[in-house]
Amino acid sequence: MKRMLILAAISLAGLTSCKKDYTCDCSVLGSTIPVSIPNSTKDDAETTCDAARATYQIVDPTATCNLE
């Protein structure tokens, strides 16, 4: 019985880290720039989107990025 519970927990943990394609829409100097983030977990996509925002803020301090 313990084995079944452990296997079930591992299976559920695997489902929470599913990967998919994301888009990070960045608003820079009045234009919207889509940043494609393929085959990524949500946490990794958020990290990539935050990095894009930081990069665009070098040119435009008011740049914003939102994960879609």
Side-chain angles (χ1 to χ4, degrees):
M1 185 67 168
K2 284 184 181 181
R3 260 191 197 165
M4 292 175 78
L5 290 174
I6 291 171
L7 289 175
I10 291 171
S11 295
L12 288 175
L15 291 176
T16 60
S17 64
C18 64
K19 294 182 178 184
K20 67 179 201 174
D21 297 340
Y22 289 91
T23 300
C24 178
D25 289 329
C26 297
S27 177
V28 183
L29 298 172
S31 297
T32 300
I33 302 170
V35 177
S36 179
I37 308 168
N39 195 31
S40 182
T41 63
K42 186 172 183 179
D43 287 342
D44 289 343
E46 287 174 346
T47 300
T48 301
C49 194
D50 289 343
R53 178 191 44 78
T55 300
Y56 286 126
Q57 283 182 340
I58 293 170
V59 175
D60 177 7
T62 64
T64 59
C65 293
N66 296 306
L67 188 63
E68 301 293 323

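- Under a hydrophobic clustering in which Ile, Leu, Val, Met, Phe, Trp and Tyr are joined whenever their side-chain heavy atoms come within less than 4.5 Å, directly or via other members, V59 and I33 fall into the same cluster.
- I58 and V35 fall into different hydrophobic clusters, where Ile, Leu, Val, Met, Phe, Trp and Tyr side chains are chained together by heavy-atom contacts under 4.5 Å.
- Atom NZ of K42 is separated from atom CD1 of I37 by 12.0 Å, given to the nearest 0.5 angstrom.
- Evaluation of the side chain to side chain donor-acceptor pair (under 3.5 Å) rule for D60 yields T62 as partners, not counting sequence neighbours.
- Between C65 and C49, a gap of 2.5 Å or greater is found separating the two SG atoms.
- Note that CG of D21 and CD of E68 are 14.0 Å apart. Values are rounded to the nearest 0.5 Å.
- Taking T32 as the reference, nothing meets the side chain to side chain donor-acceptor pair (under 3.5 Å) condition, with sequence neighbours excluded.
- Atom OG1 of T64 sits about 8.5 Å away from atom CD of Q57, to the nearest 0.5 Å.
- D50 is linked by a side chain to side chain donor-acceptor pair (under 3.5 Å) to nothing, counting only residues two or more places apart in sequence or in another chain.
- The two residues A45 and S40 come nearest to each other via the heavy atoms N-OG, 3.3 Å.
- When every heavy atom of L67 is checked against every heavy atom of Y22, the shortest pair comes out as CD1-CB, 3.8 Å.
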